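Working notes, beginning with the structure itself.
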Amino acid sequence: MAFVTRFAPSPTGYLHRGHAYSALTAHRAARDAGGRFLLRIEDIDATRCRPEYDAAVFEDLAWLGLDWEQPVRRQSEHLADYHAAIEALRERGLVYRCFKTRKELDIGRAPHEPAIPYIGGPLAAGEEAERLARGEAFAWRLSLAAAREALHGFEGLTFVEEGAGPHGETGVVQARPETAGDIVLARKDVGVAYNLAVVHDDALQDVTHVIRGQDLFEAAHIQRLLQALLGLPTPTYRHHGLLVGPDGKRYAKRDKAETLRELRAAGLTAEELRAELGV
Ligand code: GLU
């Protein structure tokens with residue numbers, strides 16, 4: 001089978017060393033397998049994406065010496081496709097409207113803790129109609145209970161991990177979508193959520209290998225469930241370890257990791273960076 005992989009950044013900040021490592025790793029895997037390397041721009045969150053970050057993705061990757069197939073898929077141009085997928089799930093009774101505010105959802109959560117998985121269900125028809133009539137904002141959530149009922153084999157979903165999860169998970173991994181609760185598939189301000197768009201596009205683009213950082217390992221569990229519900233194939237996963245900086249902390253946009261642009265401006269060459277990263 002042909003080998004197809006991708007690098008799928010969200011242009012919500014400038015790329016840093018961690019992105020370079022991920023893109024170079026995926027690109028090299030495609031080359032080693034005689035396969036294809038795609039670049040996909042995951043710009044569905046209009047509240048966080050910026051054109052300057054978007055343009056920088058192309059500049060930075062070209063500076064690294066990477067090439068990718070044309071045309072580049074840009075998720076913001078395909079929102080109707082994602083909405084159709086959500087609509088199909090809705091028709092099967094697998095999603096429901098959730099009117100909970102962030103504040104309500106965060107009750108009992110300390111600021112440094114991750115979001116508390118939410119499990120709920122549709123409101124009674126009368127109350128829902130009233131809140132809709134009042135124009136209250138809601139999110140579409142995937143109902144785990146409905147998915148469990150609809151999907152024969154829900155408990156036995158697995159995926160193949162050729163890399164490793166953060167706790168060394170590798171080989172055939174049992175999917176545990178329930179740990180994330182009823183995930184949000186769409187919000188008022190962000191019409192489609194990351195997990196749905198990724199699963200849709202990986203299938204559409206015939207991606208056979210998802211190569212990305214371990215920080216997205218947990219997402220594979222949810223994505224596996226969405227693949228099953230949408231009747232889409234499951235790619236092989238290769239999650240790689242995350243680069244850590246001299247302080248032992250991983251590179252991340254929010255920690256103001258030195259961006260590739262900054263490194264370049266400071267005179268670092270792409271060859272030097274590749275040597276440092278070992279890819
Ligand atoms: N767009 C996601 C991110 O930048 C990555 C998606 C993926 O590789 O599955 O974190």
Side-chain angles (χ1 to χ4, degrees), residues 4-30 36-50 53-58 60-61 64 66 68 72-79 82 85 114-115 159-166 173 175 177 180 183-185 190-227 230 232-243 250-255 257 259-260:
V4 184
T5 191
R6 82 301 193 275
F7 177 58
S10 302
T12 56
Y14 290 117
L15 303 186
H16 54 69
R17 279 186 173 84
H19 294 109
Y21 181 73
S22 217
L24 287 164
T25 301
H27 190 269
R28 197 180 63 176
R36 298 165 54 203
F37 174 77
L38 311 177
L39 170 63
R40 185 167 74 219
I41 302 295
E42 303 213 319
D43 56 350
I44 42 177
D45 187 346
T47 66
R48 293 174 61 221
C49 293
R50 301 264 178 280
Y53 299 144
D54 201 302
V57 166
F58 293 84
D60 292 348
L61 296 182
L64 276 174
L66 300 187
W68 50 87
V72 169
R73 184 171 174 90
R74 182 172 283 284
Q75 291 188 328
S76 60
E77 291 170 359
H78 302 281
L79 296 179
Y82 310 129
F159 59 90
V160 174
E161 174 61 61
E162 290 185 350
V173 176
I183 58 156
V184 170
L185 293 184
V190 182
V192 58
Y194 152 74
N195 282 303
L196 185 106
V198 162
V199 161
H200 178 279
D201 285 359
D202 283 340
L204 184 83
Q205 298 188 289
D206 298 321
V207 169
T208 59
H209 289 73
V210 169
I211 301 173
R212 61 187 180 191
Q214 256 167 18
D215 52 333
L216 288 165
F217 179 77
E218 291 307 320
H221 292 265
I222 300 153
Q223 292 172 12
R224 179 66 188 90
L225 173 60
L226 285 172
Q227 287 151 7
L230 294 166
L232 301 174
T234 300
T236 296
Y237 290 89
R238 273 190 206 170
H239 290 92
H240 59 70
L242 301 175
L243 285 186
R250 74 180 178 89
Y251 286 103
K253 281 180 267 204
R254 59 178 171 276
D255 301 333
T259 64
L260 299 184

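One-based numbering, in listed order, for ligands and for the atoms of each. Since we're looking at a predicted model, the values are computed, not measured.
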_Any donor-acceptor N/O pair, Glu42 side chain to Gln75 backbone, under 3.5 Å_ = no

*asked:* Check contact between His19 and ligand 1, using heavy atoms of the residue and a distance below 4.0 angstrom.
replied: no

*Any N or O of Ala8 that comes nearer than 3.5 Å to an N or O of ligand 1?*
yes

*Under 4.0 Å from any heavy atom of Ser10, which atoms of ligand 1 are there?*
1 (N), 2 (C), 3 (C), 4 (O)

*Go through the steps to decide whether Arg40 and Gln205 satisfy the test side chain to side chain donor-acceptor pair (under 3.5 Å), and finish with yes or no.*
CA-CA 10 Å; Arg40 185 167 74 219; Gln205 298 188 289; 3.0 Å; yes

*asked:* Check this for me - ligand 1, Arg6, N or O atoms closer than 3.5 angstrom, yes or no?
replied: yes

*Atoms in ligand 1 with a heavy atom of Glu42 nearer than 4.0 Å*: 1 (N), 2 (C), 5 (C), 6 (C)

*Within reach of ligand 1, part of Leu216 (heavy-atom separation under 4.0 Å)*: side chain

*Is there a donor in the side chain of Thr234 and an acceptor in the side chain of Gln227, or the other way round, less than 3.5 Å apart?*
yes

*asked:* Just to verify, what does Phe217 make a ring-ring contact (aromatic ring centres under 6.0 Å, His included) with, not counting sequence neighbours?
replied: Phe159, His221, His239

_Going by the rule ring-ring contact (aromatic ring centres under 6.0 Å, His included), which residues pair with Phe7 if we only count those two or more places apart in sequence or in a different chain?_
none

*Is Phe7 near ligand 1, meaning one of its heavy atoms is under 4.0 Å from it?*
no

*Heavy-atom contacts with Arg212 under 4.0 Å: which atoms of ligand 1 show up? List them by number with element.*
7 (C), 8 (O), 9 (O)

*Kindly compute the distance separating CZ (Arg238) from CD1 (Ile211), expressed to the nearest 0.5 Å.*
5.0 Å

